[in-house]
Amino acid sequence: MSVHELKRAPSADSPAPQARLQLSGALERLRHWAQVSPLHNALRHKRHGHWYAWRWIDALRDVERLADGLRQQGLTPDSRLAVSARFEPDLLLLALAAHSLGAEVLSLDDELPPQALRQTLWRLQPSHAFVHSRQQVLDWVAASENALTPQLLIAGQALPRLPEGAHLPLLELRELLGRGEPPRRQANWRAPVGSGQLWSEEGTQWQEGLTVLLEQWLGSGQCLAFAESRGSTSRDRREGAPSGLLLSPQRLQRLADEIESRLAPPDSWRRRLCEWALAHPQGLLARLLKHRVRRLLGFARLQFIWQAPQATTPPATPAWIVEFTRNIA
């Protein structure tokens, strides 16, 4: 089913700059990697307990199919696609497809309460939108009853049963993608020695995150991996053993809190021993403790932590993050 472009009111507020995808030459860079490394892993995502992979050639083909599907659903250079979900391959590829057609791509917090979601829809007036979970679909359907309705809501999962009288046009991503080769399941996957792998464990609440992820991914040509869910992040990170972290300052602080929770209580002899080890980083004990913390956090291969330009480490950040950052600078 094709739909016509919705003309947005001229008075619609412009989104904050960090909420817009700002990326030049994205499709050209994707084509470059699909040409020089077509069979290398480009994206990895854990789903239903198993790792799945997209090769660079697969990623390019999916973007081209999604762009064709979006064009058939009325997306034009005058359109706005709002994405609201955890970062994962489907979201990135859909955003790239819309961006390649000249549409504006906006990031909306995927945990907005109902009233805030209604207000955001009124303010931004997206023509198309993407959410992942069934609960998000229900939330958007409810919010759209009293807000400006997007002409199409795309769902990453199977559609839930909708309330009677719901009128928001819905489409599953697989229908938009059409027929194509599905991502490949990987059994007993381990990162090859010396290969780089970027890691993300956030969502669109990090408004500049989509730009950061695409810039780092397409700029480096490294594989970008994602955890299955918020609850499985630590476990999946240990399995993935990333070499680079793409985290917002807020998530970096939560990671520091996670490290803090794994250390001995303050003023205990074990905690004083840790602090002494950090004060003497060249000692054997310090190296053993650091190795243990790295392994528990999935940082055994860590070489890079992305930080916002001119950002400084928050004063509350434990010394372990400072130590990681110093060692890989």
Side-chain angles (χ1 to χ4, degrees), residues 1-8 20-45 47 52-85 87-108 125-132 136-137 140 149-159 168-184 204 210-211 213-215 217-218 224 226:
M1 178 183 70
S2 179
V3 293
H4 298 288
E5 171 66 8
L6 175 66
K7 296 297 183 180
R8 299 189 301 273
R20 295 196 303 263
L21 175 59
Q22 303 180 64
L23 192 67
S24 60
L27 190 60
E28 290 76 9
R29 281 187 268 178
L30 178 59
R31 286 173 175 155
H32 166 76
W33 294 116
Q35 182 178 10
V36 301
S37 306
L39 304 183
H40 290 188
N41 283 346
L43 297 165
R44 295 181 66 240
H45 188 206
R47 297 178 173 178
Y52 290 84
W54 289 251
R55 302 169 303 179
W56 283 105
I57 190 63
D58 301 328
L60 176 60
R61 289 168 177 168
D62 282 359
V63 167
E64 291 174 343
R65 284 197 296 269
L66 287 168
D68 185 59
L70 287 171
R71 191 183 295 109
Q72 294 180 39
Q73 295 297 332
L75 191 117
T76 72
D78 295 325
S79 301
R80 280 181 173 175
L81 171 69
V83 292
S84 180
F87 291 136
E88 44 81 32
D90 288 342
L91 187 152
L92 262 66
L93 298 177
L94 183 67
L96 275 176
H99 186 68
S100 72
L101 296 177
E104 191 172 20
V105 181
L106 313 174
S107 294
L108 272 64
Q125 300 181 19
S127 60
H128 298 67
F130 170 80
V131 299
H132 184 71
Q136 277 189 293
V137 170
W140 276 65
T149 305
Q151 66 186 64
L152 180 66
L153 179 63
I154 304 164
Q157 294 184 346
L159 297 176
L168 179 60
L170 301 172
L171 187 68
E172 292 182 27
L173 182 72
R174 60 183 179 85
E175 298 179 63
L176 189 69
L177 187 58
R179 291 186 177 183
E181 187 175 340
R184 298 171 299 120
T204 50
L210 183 57
T211 298
L213 262 62
L214 289 174
E215 282 182 341
W217 175 51
L218 295 174
L224 175 57
F226 305 87

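What you see is a predicted model; the values in this text were computed from it and never measured. When reading the values below, keep in mind they use all heavy atoms of this one structure, side chains included, and skip hydrogens, waters and symmetry mates. Count residues from 1 along the sequence.
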Could you grab the distance from atom CG of Leu214 to atom CG of Leu96, nearest 0.5 Å is fine? 5.0 Å
State, to 0.1 Å, how close Phe130 and Leu81 come at their nearest heavy-atom pair, and which atoms those are. N-CD1, 4.2 Å
Atom pair CG (Asp62) and CG (Leu94), whose distance is rounded to the nearest 0.5 Å: 11.0 Å
Would you call the rings of Trp56 and Trp217 parallel, tilted or perpendicular, where under 30° means parallel and over 60° means perpendicular? parallel
Would Phe87 and Leu224 count as a side-chain contact (heavy atoms from CB on, under 4.5 Å) if you check the C-alpha gap in whole Å, the side-chain angles of each, and the deciding distance to 0.1 Å? CA-CA 11 Å; Phe87 291 136; Leu224 175 57; over 6 Å; no
Please report the shortest heavy-atom distance between Tyr52 and Pro183, naming the atom on each side. CD2-O, 3.8 Å
Might you point out which heavy atoms bring Ala67 and Leu101 nearest each other, and give the distance in Å? O-CD1, 3.4 Å
Salt bridge check, Arg65 against Asp68: does any charged N sit closer than 4.0 Å to a carboxylate O? no
What's the shortest heavy-atom distance between Arg80 and Leu106, and which atoms? CD-CD1, 3.9 Å
Assess the residue pair Phe226 and Leu92 against the criterion (side-chain contact (heavy atoms from CB on, under 4.5 Å)); give the C-alpha distance rounded to whole Å, side-chain angles, the decisive distance to 0.1 Å, and a yes or no. CA-CA 11 Å; Phe226 305 87; Leu92 262 66; 4.1 Å; yes
If you take all heavy atoms of Ala53 and Arg44, which pair is closest and at what distance? CB-CG, 4.3 Å
Rounding to 0.5 Å, atoms CD (Gln22) and NE2 (His99) come to a distance of 9.5 Å
Going from OG1 on Thr76 to CZ on Arg71, what distance comes out if it is rounded to the nearest 0.5 angstrom? 11.0 Å
Within a strict 4.5 Å, meaning less than it, do heavy atoms of the Leu210 and Leu213 side chains meet? no
From the list Val131, Leu66, Leu170, Leu70, side-chain contact (heavy atoms from CB on, under 4.5 Å) partner of Ile154 resolves to Leu70
Quick one: does any side-chain atom of Glu88 pair with a main-chain N or O of Asp90 as donor and acceptor, under 3.5 Å? yes
Under 3.5 Å donor-acceptor, Gln73 side chain and Gly69 backbone: no
Separation between CZ of Arg184 and CZ of Arg55, rounded to the nearest 0.5 Å: 5.0 Å
Indicate the atoms forming the closest heavy-atom contact of His45 with Arg47, along with that distance. ND1-NE, 3.0 Å
Ser79 side chain to Ser127 main-chain N or O, any donor-acceptor pair under 3.5 Å? no
Let me see the working for Leu23 and Val105 under side-chain contact (heavy atoms from CB on, under 4.5 Å), right down to the final yes or no. CA-CA 10 Å; Leu23 192 67; Val105 181; over 6 Å; no
N/O donor to acceptor pairs below 3.5 angstrom from side-chain atoms of residues 25-37, sequence neighbours left out:
from, atom 1, to, atom 2, distance (Å)
Arg29, NH2, Ser24, O, 3.0
Trp33, NE1, Leu218, O, 2.7

Got a second to check how far Leu43's CG is from Asp58's CG, nearest 0.5 Å? 9.5 Å
